[in-house]
Each structure stands twice: as C-alpha cells, then as structure tokens.
2 protein chains.
Amino acid sequence: MFEKFFSIDSEKQERIIGAAVKEFALKGYEKASTNVIVKEAGIAKGLLFHYFNNKKDLYLFLYDRFSDILIAEFYGKIDWEETDLLRKLRQVTLLKFELMKKHPALFDFLRVAYEEKAADIRPSLEERNQGMTAEAYGCLFEHIDPSLFKEGIDMMAAVNMTVWTMEGLGQTLQVKMKDVSVEEIDQAAVLKEMDVYLELLRFAMYKA
Amino acid sequence: MFEKFFSIDSEKQERIIGAAVKEFALKGYEKASTNVIVKEAGIAKGLLFHYFNNKKDLYLFLYDRFSDILIAEFYGKIDWEETDLLRKLRQVTLLKFELMKKHPALFDFLRVAYEEKAADIRPSLEERNQGMTAEAYGCLFEHIDPSLFKEGIDMMAAVNMTVWTMEGLGQTLQVKMKDVSVEEIDQAAVLKEMDVYLELLRFAMYKA
DNA sequence: AATGGGATTGACCATAGCGGTCAAGAGTTA
DNA sequence: TAACTCTTGACCGCTATGGTCAATCCCATT
C-alpha cells in the first residue's frame, strides 16, 4: 500500500509523519489541512498524494501505525503476573504516563482520534476499535485476586473509582504542566500524589 | 444592546435561541453556520444580523444568558448550611443532574463552550470565567466541618477524588443513556449507584 | 386612502479554503 | 543522449462562509 513512502529516506519519512500527526492532533481530521502538512514537512503538495493516495488513507496510516506502536510497548512492559488490582492499576497508570512522556504527539493524535466525529473516518475507526476495549478489560482482570477485597465490595465499582481518580489526577497534572516543559516534570512528586489517592482507595476497599 | 431582539414576540425569540443554541452546541463556534440557524428558526438571514450585529455577539449573548440562568438556579436551590462535605457534594451532583435534565441543550452549549478553541471567542470566554471557578470552590467549602475527617486526611484530595468519581459516573451514565430518552432515566437507580461510591468514600475518609 | 417608517426578506457578494491533479522540471542512471 | 523516476507547485472545481442592502411587507397614524 505505501511502498513508495517506505522507499524514501527515513529522515524525510519522519518529517512528514511528524508534520501530519501534529496537524491532525491539533485540528482533528476535517479541519486539518494537507496544505499545512506539506508546508511544515517541506515537501510539495503533489508528493503527499503520491505517497498516500488521499487524506483519508494518510490518516488511517498514522492511526494504525501509532496504535501498533503503543500496544506493543504497553504489552511488552506490563507485569502480567500482578495479582493485586490496585497495584496493577498503579502500574498501568505509571506506564501510561511514561508513554505519554515518550510519545507526546502520538498520544495527542490518538486522543483526538478517539473523539473524532468526521463521517468520512468514523466507521473505519470504530471498526478498528472493535473488541479492543473488551480485550483491555480482560487482560486487566487476568490473575487478579479478589480475596484482597472486603466482603461485599463491588469490584467493578472499585476499578471504576480508581480509574476515574487516576484520570482526574492525570488531567489536572496536564493542566498544571501546560507551560512547563513536557520533558522534566517532577516524576517523584507525581508518584507521591498518586500514592496518596491509592492509599485512600486501598483503605476503603481492601481488607485490613 | 439587544433591544430590537427583546421587542419581538417571545415565541419567535425562543425559536431563534433554540436554533442557535442547538447549532452551536452541535458544531462549536466556528463550524456553526448562521445559515443553518436562520433556516431552523424560520427567519431570513438578514434578520438575525439585524438583531445581533454579528455571529460573535450572538454567541456571547447566548453564553451570558445561559450562564446567568444556570448560576441563578444553582445558587437558589443549594443548601448553604450543609456542613458535611460528602453530603454537600452529593447534593451538588444531584442538582447538576437535575439541571441537565431540565436544560439539556443549554448544558450542551456550555460544555462545548468550555472547550471552545476558536480564537475569535476565546479571550471573551476566558474573561468571563475569571474567578468563577475560584468562587465556586469557595462556596463549596463554606461551613464545612473538617472534624468529620480522619486525622491526616488531605481535604483537597478528598474533594478531588469525590468530584472525579462523580464526574466519571456521570460520563458513563451519559454514554449508557445515549439512546434512551433523556427525560426518563431511572433516577432511583442512578441515585443508588451514586451512593455506593459515596459510601465507599465516606468509609475511606471519615472517622468511624 | 394615503403616507411613513420600522420589520423583514433573500439574492447576492467577496473571500477563503479545501482536496486533489498533472504537465513540466530536476536528478539519476546507463 | 535517452529513458527513467522523483518531485514540484500552479491550478482546478467546488463548497461554504459571514455579512449586506435594495426591495418589499405590514401596520399605525393621519
């Protein structure tokens, strides 16, 4: 499909990918302009369409590539044997932060893609997400030891509350860090704050 | 500023406001089309600009009006004497659901406005929000009795976690209810689910 | 009936940007 | 030189926008 693109020098490949991901992440599919992309990438308009047929194919190419990268890294780094749900969620959150730091643009792209409403692209995205969330939940609960919880605690509620709290924390951090360089956030401080919440949750939900 | 608009028959006023809020909520400021608005409202293009100078003024007119309505209703209905933080947050959440049910379009408009990125409008919106969140937090903590909490619990963390949990719950409900009529959601069931979480939080953070 | 004046109309305008094309030029190899 | 591919960017047709304004309508006052 994209042989022409892959056969060019890789520094140029990355310039193009970088420009495209930035533009799509910033404006979403429809409002993103191929004109802006080619200008930023320093190539001629025609070339972009020479490599990737059309805007839609370009977008889906990026989407697939980034999903693959993220999933591979995630699956490679997670500890599958963890049986403590809260510890597992802690690990997942930490890993998520790590990946955000490593691939910020990529994360932005996928976040925007997740909320994409453009009719051209919607069906293709949904098709790609079939079952992915189900699978994610499945692998989260694998090997989990329910006996750690107090009697009568709804494990689903426990997970939800934890996830929501982690997400809320992540969002406020993102706001706080808006001006600070993405590279050097005080990881130790973040970790400490996160653990305050997890400790609270542990106390609420686990046996003494 | 808008005398001409206010002097027309009120059924027409509402038709216009309804059409405009719907369009803005659906597409955001920039992509919203005045053509669509006038068609939906059943008036001529020129008339809209006769009433409200231009698109921007129309938008800000709606924004101001809706903020005022919501704030007034909110302040009127809340129990200012509540000293139990969790109970107060419960009350606030319930009130929020109630207002969403009563004014769904209005809520959508303000939610979209909150994330509005259009440069034309951004500064005006930010100016309007100056201090509003600060004030909201202030009135939340008024009369709160900190002695209910266990020693050493960070009250800020407690509030955050509760708010994030309520928001998370709200969002999943919104997804679940997407197809169901907005009018008749099972309020009792929602309340029950909410209380599960609040009970968990109370147990984690309050003295026995 | 006639007049005056505000309310209302909708065809029209300038502008802008889009995705996509393609004939021509540049670079490379034989 | 010739044949080839890679690359260029001016150009196209199209869609849609926010905003205007001369013309028309409507109705109260004379």
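The chains referred to below are lettered A, B, ... by the order of the sequence lines, with proteins before strands, and numbering in each begins at 1.
- Picking from C:dT8, D:dG18, C:dG20 the nucleotide with the shortest atom distance to the side chain of B:K55 gives D:dG18.
- Contact annotation: A:K12 side-chain N/O to D:dT7 OP1/OP2 distance is under 4.0 Å.
- Between B:N35 and the phosphate of D:dT17, there is a side-chain N or O to OP1/OP2 separation shorter than 4.0 Å.
- Summarising the geometry, atom NZ belonging to A:K12 is positioned 6.5 Å from atom CD1 belonging to A:I16; distances are rounded to the nearest 0.5 Å.
- The shortest distance between the side-chain N/O atoms of A:Y51 and the OP1/OP2 oxygens of D:dT7 is below 4.0 Å.
- A salt bridge does not link A:E116 with A:R122: every distance from a Lys NZ or Arg NE/NH1/NH2 to an Asp or Glu carboxylate oxygen is 4.0 Å or more.
- Of the listed nucleotides (D:dT17, C:dG19, D:dT8), D:dT8 has the atom at the smallest distance from the side chain of A:I43.
- Straight-line distance from the CD atom of B:Q13 to the C1' atom of C:dA7: 15 Å, rounded to whole Å.
- As a whole-Å value, the separation of A:I121 CD1 from C:dG19 P is 12 Å.
- Partner of B:H103 under the side chain to side chain contact (heavy atoms under 4.5 Å, CB included) criterion, out of B:L70, B:L110, B:D108, B:V21: B:L70 alone.
- Residue B:S33 has its side chain nearest to D:dG18 when only C:dT21, C:dC18, D:dG18 are considered.
- Rounded to a whole Å, the OH atom of B:Y29 is 8 Å from the P atom of D:dG18.
- Rounded to a whole Å, the CD atom of A:E30 is 13 Å from the C1' atom of C:dG17.
- Salt bridge A:E73/A:K102: present, at least one basic N to carboxylate O contact under 4.0 Å.
- Closest to the A:H50 side chain, of the nucleotides D:dT7, C:dT9, C:dG19, is D:dT7.
- Atom-to-atom, NZ of A:K27 to P of C:dG17 comes out at 10 Å; the value is rounded to the nearest Å.
- Shortest non-hydrogen contact noted between A:K55 and A:F49 is N-CE2, 4.1 Å.
- Going from atom CG of B:D120 over to atom P of D:dT17 covers 15 Å, rounded to whole Å.
- Each of C:dT8, C:dG20, D:dG9 was ranked by its minimum atom distance to the side chain of B:I8; first place goes to C:dT8.
- In this structure, the OH atom of B:Y59 is 14 Å from the P atom of D:dG18, given to the nearest Å.
- Within 4.0 Å (heavy atoms only), A:K39 reaches no atom of the nucleic acid at all.
- Residues B:K45 and B:K4 both approach DNA chain C. Their nearest nucleotides, taken by heavy-atom distance, put B:K4 toward the 5′ side.
- In this structure, A:D9 atom CG and D:dC6 atom P are separated by 14 Å, rounded to whole Å.
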